[in-house]
Amino acid sequence: MEDVVSQEKLLEKYLKENKKALAVKLLFDLIATHAQANHFSNADGLREKLFEVDPLALHEIVKSAEIIEIAKIAAIDQVHRHVWSHFYDKLTKEETIAFYYGTKSVSYETEQIIFRQGEINSNLYFINAGEIKMFYHKDKHGIFLKTLSPGDIAGDDTFFTNSTCTTSIIAHSAVKLSFLEKTVLQNWRTEAPNLANKLRDYCAQREPIKDVLQKKELERRVQPRYALSGNAVIRIMDRSGIKGFKGDLSDISASGISVIMKTSAKSAELLLGCRLNIKFSRPEAIPEIKIDQNGAIVGIHSQMFNEYLINVKWDKPLDNATFERIKLMG
C-alpha cells in the first residue's frame, strides 16, 4: 500500500504540472492495482477521474473498464454463485456485476426474526446457507407455513410492491443471506436497465405467498370487501402532526377500507405503515351513517394519473349493524 500511496502523490504532482500523458498512464496503472486488490470503489473512482483528465484517452478508458469487469467477476463468491446459478445464467456480465455488487450480506442466528408480519420490509432476501421458517399469525397464534432453504427467496411480496409483510420469517438455524435494498432498483435503470425485469420474472416463478396461504386455508383478508362510492376526509397522523386531504372511497369490509388518492410516487411510499383517521358519511341514510375510524396503511398500489389505491386496516372493526347498513347502500 505504501507504493500505492506514493503513486497517488505522484499523480497529484502530474496533475498540478499539467503533465496529462504521464497522469493518464499512472491513472491506468493505479486502476489496475486497485482492481486486482478488489478495491473496486477506488478503481471505479479513479476511472471517473481518468475521464476528467483526458476524455480522449479511449484506449485506457476502455481497457480499464475491461480490467475492472474481469476483476469483479473473478471476485464473486463462488458458493453464492452456485446457489443462484439458475438466475445468473440469465444475466449478462454487466447485469451479473450490477446484481452481485448491489447486494449486501447479513447473518442471523437461530430463532432471530428477519421480518414480522404486518411490518414494513423493503429488502429482498436470498438464502445462501441455513434454513428459515415462515409463519402466518392469526388470532395471536403463529401458524407454520413452510421452510425456506438455500436457493429460496423471501420478501418478494413487498419488494416489488408497497405493502406490509404478509408473513413472518425466523431463522431456523444459523443462516447466511444476501439482500437487496429497494433503492437499488433506481441505480439499475442506468447501469442495467433490464435487470429489474429479469429479477421480477425470476421471483414470479416462485410460489406466491397467497398460494401458500390458500393451501393452508388462510386468507389475509379474513372478511369480504364490498364496493363503496363517495368521498372521505383523511388525516395522516405522524410525528410532525396531522395532515389532511380528501380521497375517493373504493371498497370496504368490517376490518378495513380502500381509498383512492392523488399524490406523488415518493409521497405514496412514505405513507406505508402510517396511522390515519378516516371520516365519511351517508346523509341519505335514515338515521345518517357517520364513520370516524382510525387505522393503519397496509398497502399502496399505483393506479393511473398519479392516483394510488390505499389499503387501510381498522384499529377496531366496524360494528355489524353499521357495516350491514353500509353494504346495502354501496
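What's counted below: heavy atoms across the whole structure, side chains too, no hydrogens, waters or symmetry copies. When a residue number appears, it is its place in the shown sequence, counting from 1.
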Notebook entry, point to check: Do other residues, nucleotides or ligands put more than 12 heavy atoms under 6.0 Å from Glu109 CD?
Noted result: no
Q) Do Lys146 and Asp152 meet the salt-bridge criterion of a basic N to acidic O distance under 4.0 Å? A) no
Asp319 CG: over 12 foreign heavy atoms closer than 6.0 Å: yes
### Task
For the residue pair Arg282 and Leu228, establish whether any side-chain heavy-atom pair is separated by less than 4.5 Å.
yes
Exercise. Parallel, tilted or perpendicular: which describes the rings of Phe40 and Tyr101, with under 30° parallel and over 60° perpendicular?
Worked result: perpendicular
Using side-chain heavy atoms (C-beta onward) and a distance below 4.5 Å, is Tyr100 in contact with Ile73? no
Would you please test Ser6 and Leu10 for side-chain contact (heavy atoms from CB on, under 4.5 Å) and show each step?
CA-CA 6 Å; Ser6 64; Leu10 184 58; over 6 Å; no
Of Phe159, Phe99, Tyr88, the one forming a ring pair (Phe, Tyr, Trp, His ring centres under 6.0 Å) with Phe126 is Phe99
Cationic N near anionic O, under 4.0 Å, Lys327 to Glu324:
yes
(message) Quick one, Asn231 with Phe280, criterion side-chain contact (heavy atoms from CB on, under 4.5 Å). Give me CA distance, side-chain angles, the key distance, then yes/no.
(response) CA-CA 7 Å; Asn231 300 319; Phe280 68 91; over 6 Å; no
| message | If you define the side chain from C-beta out and look only at heavy atoms, does anything of Lys176 sit under 4.5 Å from Asp77? | response | no
Validation row: Ile291, Ile326 side chains within 4.5 angstrom (heavy atoms):
yes
Heavy-atom side-chain proximity of Pro287 to Arg325 below 4.5 angstrom = yes
Tested for side-chain contact (heavy atoms from CB on, under 4.5 Å) against Val62, the lone hit among His59, Glu60, Glu66 is Glu66
Quiz item: Do Val24 and Leu50 have side-chain heavy atoms sitting under 4.5 Å apart?
Solution: yes
task: Return yes when atom NZ of Lys313 has more than 12 non-hydrogen atoms of other residues, nucleotides or ligands closer than 6.0 Å, and no otherwise.
output: no
Stepwise side-chain contact (heavy atoms from CB on, under 4.5 Å) check, Arg206 with Ile153: CA-CA 8 Å; Arg206 308 279 168 150; Ile153 294 171; 4.3 Å; yes
For Cys274 and Ile236 the tightest heavy-atom approach is CB-CG2, 4.2 Å
Verdict with supporting geometry, His301 and Asn311, side-chain contact (heavy atoms from CB on, under 4.5 Å)
CA-CA 8 Å; His301 309 279; Asn311 301 133; 2.8 Å; yes
Note to self: In the structure I gave you, are the side-chain heavy atoms of Glu94 and Glu69 within less than 4.5 Å of one another anywhere?
What the structure shows: yes
With heavy-atom distances below 4.5 Å as the criterion, would you say the side chains of Val79 and Asn128 are in contact? no
- Message: Is it the case that atom NZ in Lys198 sees more than 12 heavy atoms from other parts of the structure closer than 6.0 Å?
- Response: yes
On a heavy-atom basis, the closest approach of Val184 and Leu180 is CG1-CD2, 3.9 Å
When rounded to the nearest 0.5 Å, the distance separating OG1 of Thr158 from CD1 of Ile120 is 10.0 Å
